[in-house]
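Predicted model only: the values in this text are computed from it and were never measured. All ligand and atom numbering here is 1-based and tracks the order in the structure. FYI, the numbering just counts along the sequence from 1.
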Amino acid sequence: MSYAMACIAVFLGAYLINIFYITVFYHRGLAHRSVTLKPWTRRFVIWTGNWVTAIDPKAWVCMHRMHHQFADTLLDPHSPLHSGLWNLMLVQLCSYERTLACLMKGRQPYIAVVRDLEFSVNWLNRNRLWFLPYLLHAMIGFAIGLGSGALLLAPAYWFGIMSHPIQAWMVNALGHRFGYVNFKNSDNSKNNIWVALLVMGEGYQNNHHHQPQSPKFSVKWWEMDLGYFLCVMAKSAGLIEIKPWCA
Ligand SMILES: [Zn+2]
Ligand SMILES: [Zn+2]
């Protein structure tokens, strides 16, 4: 395998681990419960999620449920209609920080939105150690790079595993601005084929906002939800159950 191919393979592998956590465990599992995490899977995700993705599972779920509740209104934590396309990168980061702070201070309505989640904000965030996952993955990246003698594998790994802000920006910004609709929702959600391909089905925002309880984000035969495919794989590995869904 050429050097460039090895870098791409490592990047994609790390990217896949991140998106697997986010779309299967955080989004379809914890936020919408359209898939059910087996008890030990759930404990494992709560324990490892922040380390793997650098994103707190409780804060992610809280912010995401608020996005559904207030989609594209002024109360939406990340709508491109109010913040602009590029500025949304900063807006979603600020919203995440605010959500974390409000959860830790026990503020309403944040607490009420995630009342069903029995676990607290991760200790990394409670102890202002949010940067440790970034360091850990930098060390893992360097170990891979030095161990293989191919140093560029280090940034390939690091950018892949820490890619959530970019994935989120694509979904939040492009998925609420550009694309087609299958349903007349009260928000500006769109189905964006490119984002759906790059972010494992998450680009079908119009479908997803119409039926957030569905484990599958595609509705037309030609729409491909790779995240649902990950769910099917996770089910066959005994990690989750997929709830039956009728549109
Ligand atoms: Zn959305
Ligand atoms: Zn959702």
Original post:
Any idea which N/O/S atom from His27 gets closest to the Zn ion (ligand 2)?
Top reply: NE2
Original post:
Centres of the His64 and His78 rings: under 6.0 Å?
Top reply: no
Subject >> Closest approach of Ala173 to Pro80 (non-hydrogen atoms, all atoms of both residues) >> reply: O-CG, 3.5 Å
Subject >> CA sep, side-chain torsions, deciding dist, call: His176, His82, ring-ring contact (aromatic ring centres under 6.0 Å, His included) >> reply: CA-CA 11 Å; His176 277 255; His82 304 294; over 10 Å; no
**OP:** Quick one: report the N, O or S atom of His64 that is nearest to the Zn ion (ligand 2).
**Re:** NE2
Original post:
How close do Pro215 and Val35 get, heavy atom to heavy atom, and via which atoms?
Top reply: CB-CG1, 4.0 Å
Subject >> For the Zn ion (ligand 1), every protein N/O/S atom that sits closer than 2.8 Å, waters excluded >> reply: His67 NE2, His176 NE2, Gln205 OE1, His209 NE2
Original post:
Do other residues, nucleotides or ligands put more than 12 heavy atoms under 6.0 Å from the NZ atom of Lys216?
Top reply: no
**OP:** Scan residues 50-66 for pairs that pass salt bridge (charged side-chain N to carboxylate O under 4.0 Å, His left out), counting only residues two or more places apart or in two chains.
**Re:** Arg65-Asp116
Original post:
On the ring face of Phe119, is Arg42 found with NZ or CZ under 6.0 Å from the centre and within 45° of the axis?
Top reply: no
